[in-house]
Each structure stands twice: as structure tokens, then as C-alpha cells.
A.B. asks: 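Sharing a structure here in C-alpha cells format.
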Amino acid sequence: MSQTARLSGLSHVNRVDDGSPLADLLDERRHLVALAHRMLGSADDAESAVDECYRRWYALSDRERERIPVPLTWLAAGVGRICRARPVLPPPEGSAGAARPTVPDAIVARPRAAQPTTLRQHTAAEPTTLRQHDAVVHAVRRALVVADVDLLLSLLAPDAAAFFDGGGKIRTLVAPVHGCDRVARGLLRLLDRGPHTTLAAHSVNGRTGLVVRRGRRVVAVLSLDVSGTEAVGVWVVVNPDKLRSWNAGRHP
């Protein structure tokens, strides 16, 4: 069976496992924040209400989330309930609202849990030079830009894993994704490129990684673990708090 056929054969994977395009997820949060802002009149309170709604979303089980046909409808209703339960306070006279403090964040925070055994085995068995690492990262970028499934699968180890960090503020996949087929599908789905979206190689934590921009704003950072000629682990950060330093001085 060809690699393309194997990937297409994953049609049974449900929405929770498959994920959603990043552009849709960013538009979703923007819509929810605008809704909360209209109800509360404060940008900070609006962000807080949306964060609370996402916490309630993640408190659901996978099965409960699968039963929700249109997540945005559920989230918008949840934001409405949260906002109606909160008092609407006028802003201080002569004040446009306090600015959020800028706190330096790690660009890519790795999971606290120990690495999966397969990643440790790859790291120990096949040390990778910087040139090999860069070559794999650039090839992965090419595969994602043109949505070349066969090329992407050839660059992923069979037991590759992907981790998605939305910080509870972007509705990304919750659990790690394992296996080259599912990793490829998750990455291609998340990075389904919309207008004004670019994917470029960039230094991330001292090694070459990938940066996704929407317009001039960084909306995702990818860090890859490479063993030999294959990527064995991919960390995808879309948490806006961890991307703050990338966007310092820029406005949405």
C-alpha cells in the first residue's frame, strides 16, 4: 500500500484526533474575544472570559467533545453565559485600561514528563549533526508548504510523535499524536495554509525550527527532534503567551 493510500485510509479518525486548521482556530478565538468584549466592555475581562470558556471545553472528555457538532457554537454560548454571570464595571475615568505586563516566556516549552521511550532510543542510537538536522527541517518545510504527503511521511520516523501546546487558549489537540501517519495528518491539517500565511525556517532554541506567520504576526513555532535523516518528535507551540516575545511591538 502506498504512503498516500495509508494516509487517506485514516478517514475514520475523528475530529478530536484530526485537529483543525490553525487559521480557523485563530479566527475562532478572535470571534469569542470580540463577543466577550461587546458584553463586558473590557479587553482584559474579555480575554479572561474566553480563557475560562476554553478551560471548560478542555474539562470535557474526548467523547463529550466529539458529540458537539459545531465547537464554535458551544464556545460562543459558553462565553455568553460566563459574561452574563460577571458584573460589567465601567473603566476608570480617563483610563483606557491597564496594559498587560510583558513576561519573558520560553519559546518552546517541552513536556515535563520524561520523553517517550522511542524518542530516547532514537537520540541515543543516532546522533545527528547540525547539517543533518537543518536538512531535515528544510525538507519538512517544503513538504508542508506544498502539502506533499509522500515527502512528509518519508521524513518522519515510523514511531514519530507530535505535541501541541495551545496553553488552553487555542483549541489544539489535547493528547500527543503518535505514528508517522497521524503526525503527518495532524501537521498538514493544522498548517493548512490560508491567505497571508507563511512558513519559514528560523532559529528556535538554538537550532533550526519553523515559524508560522499570519501577516507579520507569529502564530506558531515548531521545534523538531531529528535522528539521522528522520524527524522523531515535533513540538508545536501556538500558545499566544509563549509567542509574546516573538510579537513584541506588533499588534494583532
A.B. asks: Can you tell me how far apart CH2 (W74) and SG (C53) are? Round to the nearest 0.5 Å.
C.D. replies: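 Taking CH2 in W74 and SG in C53, the distance rounds to 5.0 Å.
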
A.B. asks: Kindly give the heavy-atom pair with the smallest separation between S227 and V232, and that separation in Å.
C.D. replies: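 Looking at all heavy atoms of both residues, the shortest contact is CB-CG1, 3.8 Å.
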
A.B. asks: Minimum heavy-atom separation for I82 to E52, with atom names?
C.D. replies: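 Looking at all heavy atoms of both residues, the shortest contact is CD1-CG, 3.6 Å.
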
A.B. asks: Between L190 and L25, which heavy-atom pair has the shortest distance, and what is it?
C.D. replies: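 That would be CD1-CD1, 4.3 Å.
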
A.B. asks: Considering only heavy atoms from C-beta outward, does the side chain of L144 approach that of L187 to under 4.5 Å?
C.D. replies: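 Counting from C-beta outward, L144 and L187 do come under 4.5 Å.
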
A.B. asks: Between N247 and V218, which heavy-atom pair has the shortest distance, and what is it?
C.D. replies: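 Closest pair (atom of N247, atom of V218, distance): OD1-N, 2.8 Å.
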
A.B. asks: Treat each ILVMFWY residue as a node, draw an edge where side-chain heavy atoms are under 4.5 Å apart, and state whether L191 and L188 are in one component.
C.D. replies: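 Yes.
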
A.B. asks: Parallel, tilted or perpendicular for H202 and W246, by the 30°/60° rule?
C.D. replies: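 Perpendicular: the ring planes of H202 and W246 meet at over 60°.
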
A.B. asks: If every non-hydrogen atom of L156 is compared with every non-hydrogen atom of V183, which pair is closest and at what distance?
C.D. replies: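 Heavy atoms of L156 and V183 come nearest at CD1-CG1, 4.0 Å.
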
A.B. asks: Could you please spell out the steps behind the side-chain contact (heavy atoms from CB on, under 4.5 Å) verdict for V236 and T172?
C.D. replies: CA-CA 10 Å; V236 183; T172 53; over 6 Å; no

A.B. asks: Give a yes or no on whether a salt bridge exists between D241 and K169, defined as a side-chain N under 4.0 angstrom from a carboxylate O.
C.D. replies: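 Salt bridge present between D241 and K169.
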
A.B. asks: Does the distance from a Lys or Arg side-chain N to an Asp or Glu carboxylate O, for D27 and R214, drop under 4.0 Å?
C.D. replies: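 Yes, D27 and R214 are salt-bridged.
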
A.B. asks: Suppose we screen for salt bridge (charged side-chain N to carboxylate O under 4.0 Å, His left out). Which residues come up paired with E28, at least two apart in sequence or across chains?
C.D. replies: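 With sequence neighbours excluded, E28 shows a salt bridge (charged side-chain N to carboxylate O under 4.0 Å, His left out) to R171, given in chain and number order.
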
A.B. asks: How many angstroms lie between SG in C83 and CG in L40, if you round to the nearest 0.5 Å?
C.D. replies: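 One finds 4.0 Å between SG of C83 and CG of L40.
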
A.B. asks: Judged by atom type as modelled, is there a donor-acceptor pair below 3.5 Å linking the side chain of R65 to the main-chain atoms of L60?
C.D. replies: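 Here the side-chain-to-backbone pair exists.
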
A.B. asks: Does a side-chain heavy-atom distance below 4.5 Å link P21 with R189?
C.D. replies: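 The answer is yes, as the side chains (C-beta and beyond) meet within the 4.5 Å cut-off.
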
A.B. asks: Taking atom CD1 of I170 and atom CG of L22, what is their separation to the nearest 0.5 Å?
C.D. replies: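 If we round to the nearest 0.5 Å, I170:CD1 and L22:CG are 7.0 Å apart.
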
A.B. asks: Give me the atom names and distance for the closest heavy-atom approach of A231 to A160.
C.D. replies: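 Minimum heavy-atom contact is O-CB, 3.7 Å.
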
A.B. asks: As a test of understanding, state which of V212, V238, V211 forms a side chain to side chain contact (heavy atoms under 4.5 Å, CB included) with L222.
C.D. replies: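 That would be V212.
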
A.B. asks: Looking at CG of D225 and NE2 of H133, how far apart are the two atoms once the value is rounded to the nearest 0.5 Å?
C.D. replies: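 With rounding to 0.5 Å, CG (D225) is 8.0 Å from NE2 (H133).
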
A.B. asks: Does the side chain of F163 reach to within under 4.5 Å of the side chain of V237, using non-hydrogen atoms?
C.D. replies: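 Not touching, per the 4.5 Å side-chain cut-off.
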
A.B. asks: Identify whether the distance between the nearest side-chain nitrogen and carboxylate oxygen of E64 and R67 falls below 4.0 Å.
C.D. replies: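 Not counted as a salt bridge, because no side-chain N and carboxylate O are separated by less than 4.0 Å.
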
A.B. asks: Would D159 and H178 count as a side-chain contact (heavy atoms from CB on, under 4.5 Å) here? Give the steps.
C.D. replies: CA-CA 6 Å; D159 53 358; H178 297 279; over 6 Å; no

A.B. asks: Between D165 and K242, is the salt bridge (charged side-chain N to carboxylate O under 4.0 Å, His left out) condition met? List the steps.
C.D. replies: CA-CA 9 Å; D165 177 7; K242 292 181 180 178; 2.6 Å; yes

A.B. asks: Are R29 and E47 ion-paired here, with the side-chain N under 4.0 Å from a carboxylate O?
C.D. replies: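 Salt bridge between R29 and E47, a charged N being under 4.0 Å from a carboxylate O: yes.
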
A.B. asks: Hey, could you give me each pair passing salt bridge (charged side-chain N to carboxylate O under 4.0 Å, His left out) that has a residue in residues 134-143? Not counting sequence neighbours.
C.D. replies: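 Residue pairs passing salt bridge (charged side-chain N to carboxylate O under 4.0 Å, His left out), neighbours aside: none found.
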
A.B. asks: If you draw a 6.0 Å radius around NE2 in H138, do more than 12 non-hydrogen atoms from other residues or ligands fall strictly inside?
C.D. replies: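 Count over threshold, so yes.
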
A.B. asks: Would you say Y54 and L72 are hydrophobically clustered, going by side-chain heavy atoms of ILVMFWY under 4.5 Å?
C.D. replies: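 In one cluster with Y54: L72, yes.
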
A.B. asks: Looking at OG of S42 and NE2 of H37, how far apart are the two atoms once the value is rounded to the nearest 0.5 Å?
C.D. replies: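 S42 OG to H37 NE2: 6.5 Å, rounded to 0.5 Å.
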
A.B. asks: If you round to the nearest 0.5 Å, how far is CZ of F164 from CG of N239?
C.D. replies: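 Here the interatomic distance stands at 14.5 Å.
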
